[in-house]
Amino acid sequence: MTTNTILLIFLSLLIAGTYSYYNYYYKAKIKLKVHLVLALLRFTTVFCVLLLLINPIISNKTLEIVKTPLVISVDNSSSISDLNATKTSIELYEKLISNSELKEKFDIQTYRFDSDFESSDNFDFKGNQTNIDEVAKNVKSINKNSFFPTVLITDGNQTTGNDYVYSFDPNNKVYPIILGDTTTNLDLRISQLNANKYAFLKNKFPVEIFLNYTGTKAITSNFTISQGNTVLNSQKVSFSPSKKSIIMTALLPANKTGIQVYKANLSSQEKEKNSFNNNYNFAVEVIDQKTEIALISSFNHPDLGALKRSIESNVQRKVTLIKPKEISDLNKYNIAILYQPTSEFKSFFESNKDLGLNTFIITGTKTDFNYLNQQQKDLFFKMSSQSEDYIAEYKDDFNLFALDDIGFSQFSPLENPFGVVTTSANVNVLLGSFVRNINTNSPLLAFSENQGKRTAYLLGENSWKWRLQSHVDTKSYEKYDTFIDKIIQYLASNTSKKSLVVKHEGFYNSGDAIEISAQYFNKNYEFDAKANLNITIVSRKSKAKKSYDLLKSNSDFKVNLDGLEVGKYDFIVKELNSNSVYNGSFEILDFDIEKQFVNPDLAKLTQLANQTKGQVIFTDKVDLLIKSLLENEEYKSVQKSIIKKIPLIDWIWLLIILIISLASEWFLRKYNGML
């Protein structure tokens, strides 16, 4: 306490004593024995009140012994069970935590890990993923600014997360205890297979396969990819002690729509300890992207033929040429291309008001711009009778879809009437226009979207010259045809707004997190956080049903379906207040990544130990680890002096004394008739 505080306390004693004397002795005509007690109680009350007002800080010094943390983290993944090492793992763990000398020297912290990291001393070895990187991150965070050893009881086979070798603090030693048989066994395995989740019908899709071999002799094996009983790809591959990995690629046909399940297999005449990792099931969802396009024009023009050829270069597109007066049924078309519309297109515009087809409008010297102004609000045309040549200018800031500049500024100019084109706020311009090096500030190719309906505008005829120029420059029509295909793909996209939007994959590998998310929107298409969403899962094989509620997160509702068996499932997501429904399906493939290993990853764990200046420990050498930890002088307990400064106002006993003194004084005065 400071000198001022001590003086104030002394002054408080003087004031409390003087006040008590004045009340019970100076003023009292008759001095009774009870006055002494009352004076003491009054003195206590006044002094406590003044002491609370001064509120001195009381310092309390204590000594505390801080032990060095000893982190013991046990691999709880199913690969430990597959390597027949669960009993050994538990025995090692018990031996370490029950050692009295270790407990005396260290603050033992016990954890388990698989895909997650948690403080626990119960192990079931059922984790479907291994993430040793999580151990590194968490122990560094928990024991920040500490110098401590870490004991990892694991096989070292990580299936998810960053490379754990460089995740641990290099200043804190790591002692991996190796679980499993380190004897090298002959093993062929498909370590990884990469394929796109989606493919288009009638196309071929690539598959990348990573094959690995462990063994001491040269062997030849057969790699196949099959669907059911049909072999789609077969190749001979050779391995040797110097050639232990191969990267292969294969092209598979997409002949049927829907989720297509394939099986990759790597086999040989040699006997293997683990044949589960010789197979890899994967799936690809094949989408029918077939688009029917109506190309409507009242006269013939070279642009029509060039457009038809460009669009149909994609086998999923079909173009039908129609005259405006021959339009009968637009329902079978996905997109309509209007070439230089005039009042003859009246029947189309009237039919499309209800149908809502996305349109691609191309103007030119024969376009009726006054009529076009009446049919759309995206562009307003104020055109003259004089025609002009417009040179294209590519806009780098266009972001509706990805498209490279294919040399638009070098192409022949397009012909269109001269005038002013005014755009509305929701128009995105891909190509601007120049007339004799003067910027018109008007679009040449633009896109708009209104209430889910998309429209593209090309303001000029003779685009057939662009296709020819592209072929002259690149010896191929590919770049120009891709440019047209991007426009068609944008227009073909379904943008209709649904009240219930559900996101899910078509297939999952067993062991993966199976998460389905949903969003529900009200009539104003605003996210409804009060929606009540439920999902019902039905197994196609057993017909068993399970129902779950979707839980709200920040911007959607989610449900986790981990634990489902391999097979095909149908599901229904329902919003219970509005009865909005979404039907879907998915398939769980038979692939357990934790069963891919025959041996522990000794090389990786040795690298980790060397990186942190620790030591690899085998299961029969744990006593040496205990001895090393006990004899290591780096790990010493530290005596810390802890000074706690507590304001007197936080001291509850002072308040209790004050209450007792006040109450006692009142009762004594009442008893002696002094009130």
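Atom-to-atom distance recorded for R317:CZ and N334:CG is 9.5 Å, nearest 0.5 angstrom. For the atom pair CG of L152 and OG of S73, the computed distance is 6.0 Å after rounding to the nearest 0.5 Å. Summarising the geometry, atom CD belonging to Q235 is positioned 11.0 Å from atom CG belonging to L266; distances are rounded to the nearest 0.5 Å. Once rounded to the nearest 0.5 Å, the distance linking OG1 of T536 with NZ of K574 reads 8.5 Å. With values rounded to the nearest 0.5 angstrom, L251 atom CG is found 7.0 Å from T249 atom OG1. If you take CG on N128 and OG1 on T159, they are separated by 8.0 Å, rounding to the nearest 0.5 Å.
Shown are T214, N599, N277; of these, the side-chain hydrogen bond (donor to acceptor under 3.5 Å, both in side chains) with D187 is made only by N277. The only option from S89, S77, S79 that meets the side-chain hydrogen bond (donor to acceptor under 3.5 Å, both in side chains) definition with D155 turns out to be S79.
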D163 vs D133, test: side chain to side chain contact (heavy atoms under 4.5 Å, CB included). Steps then yes/no. CA-CA 7 Å; D163 188 347; D133 177 54; over 6 Å; no
Would N194 and Q192 satisfy side-chain hydrogen bond (donor to acceptor under 3.5 Å, both in side chains), going step by step from the backbone distance to the final call? CA-CA 7 Å; N194 298 327; Q192 188 175 338; 3.1 Å; yes
What do the steps show when you test L201 against N203 for side chain to side chain contact (heavy atoms under 4.5 Å, CB included), and what is the final call? CA-CA 5 Å; L201 185 66; N203 287 344; over 6 Å; no
Kindly indicate, with the supporting measurements, whether the criterion side-chain hydrogen bond (donor to acceptor under 3.5 Å, both in side chains) is fulfilled by N426 and N450. CA-CA 8 Å; N426 65 333; N450 289 307; 2.4 Å; yes
Evaluate F123 against Y111 for ring pair (Phe, Tyr, Trp, His ring centres under 6.0 Å), listing each step before the verdict. CA-CA 10 Å; F123 313 105; Y111 304 97; over 10 Å; no
Full working for side chain to side chain contact (heavy atoms under 4.5 Å, CB included) between L179 and L83: CA-CA 8 Å; L179 296 177; L83 294 174; 6.0 Å; no
Starting from the C-alpha separation in whole Å, work towards a yes-or-no answer on side-chain hydrogen bond (donor to acceptor under 3.5 Å, both in side chains) for D556 and S553. CA-CA 6 Å; D556 57 9; S553 61; 2.4 Å; yes
Is there a side chain to side chain contact (heavy atoms under 4.5 Å, CB included) between N352 and T359 once you walk through the steps? CA-CA 10 Å; N352 201 41; T359 55; 3.9 Å; yes
Residues S267, N222; criterion side-chain hydrogen bond (donor to acceptor under 3.5 Å, both in side chains); working and verdict: CA-CA 5 Å; S267 60; N222 186 42; 4.8 Å; no
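At least one donor-acceptor pair under 3.5 Å links the side chain of T612 to the backbone N or O of V174. A donor-acceptor distance shorter than 3.5 angstrom exists from the side chain of S78 to the backbone of G127, with no hydrogens or angles considered. The backbone N or O of E94 sits less than 3.5 Å from a side-chain atom of S98, completing a donor-acceptor pair. Although no hydrogens or angles enter the test, the distance criterion places a donor-acceptor pair under 3.5 Å between the side chain of N76 and the main chain of D124. Proximity of a side-chain donor or acceptor of E312 to a complementary backbone N or O of V319 within less than 3.5 Å is detected. Here the side chain of T257 pairs no donor or acceptor atom with the backbone of V286 at under 3.5 angstrom. Proximity of a side-chain donor or acceptor of E575 to a complementary backbone N or O of S578 within less than 3.5 Å is detected. Distance alone, capped at 3.5 Å, is enough to place a donor-acceptor pair between the Q158 side chain and the N162 backbone. Side-chain atoms of N532 do not come within 3.5 Å of backbone N or O of L576 as any donor-acceptor pair. Judged by distance alone, the side chain of N138 and the main-chain N or O of E134 form a donor-acceptor pair under 3.5 Å.
A salt bridge is absent between E285 and K197: the closest approach of a Lys/Arg side-chain nitrogen to an acidic carboxylate oxygen does not fall below 4.0 angstrom. Salt bridge R112/D75: absent, no basic N to carboxylate O contact under 4.0 Å.
For the residue pair D114 and Q129, no side-chain donor N or O sits within less than 3.5 Å of a side-chain acceptor on the partner. At a cut-off of 3.5 Å, with distance as the only test, a side-chain donor of N212 or S191 sits close to an acceptor on the other residue.
Within 6.0 Å of CD in E565 there are 12 or fewer heavy atoms belonging to other residues, nucleotides or ligands. Counted within 6.0 Å of NZ on K140, heavy atoms from surrounding residues, nucleotides or ligands total more than 12; the atom is thus considered enclosed. Other residues, nucleotides and ligands place no more than 12 heavy atoms under 6.0 Å from the NZ atom of K256. At most 12 heavy atoms of other shown residues, nucleotides or ligands fall within 6.0 angstrom of atom CG in D404.
Both the sub-6.0 Å distance and the 45° axial angle are satisfied by R454 relative to the ring of Y490.
In this structure, G156 and Y164 approach most closely via the heavy-atom pair O-OH, 3.0 Å. Closest of all the heavy-atom pairs between L70 and P149 is CD1-CG, 3.6 Å. Across all their heavy atoms, T86 and S81 have their closest contact at CG2-CA, 3.5 Å. Taking every heavy atom of both residues into account, V427 and A446 meet most closely at CG1-CB, 3.6 Å. The shortest heavy-atom contact between I588 and L564 is CD1-CB, 3.4 Å. Smallest separation of non-hydrogen atoms from A456 and I487: CB-CG2, 4.3 Å.
The side-chain heavy atoms of T130 and N157, taken from C-beta on, include no pair separated by under 4.5 Å. Residues T320 and Y333 meet the side-chain proximity criterion, which asks for heavy atoms closer than 4.5 Å. Within the 4.5 Å cutoff, the side chain of T154 has heavy atoms near those of the F113 side chain. Within the 4.5 Å cutoff, no side-chain heavy atoms of Y569 are placed close to those of V538. Side-chain contact between K568 and K541 is absent, with no heavy-atom pair separated by less than 4.5 Å.
Note on ring orientation: taking the six-membered ring where Trp is involved, the planes of Y508 and F586 are perpendicular (angle over 60°, cut-offs 30° and 60°).
Residues that satisfy the side-chain contact (heavy atoms from CB on, under 4.5 Å) test with A195, not counting sequence neighbours, are L193, V207, F282, V284.
Aromatic ring centres of Y262 and F205 lie closer together than 6.0 Å.
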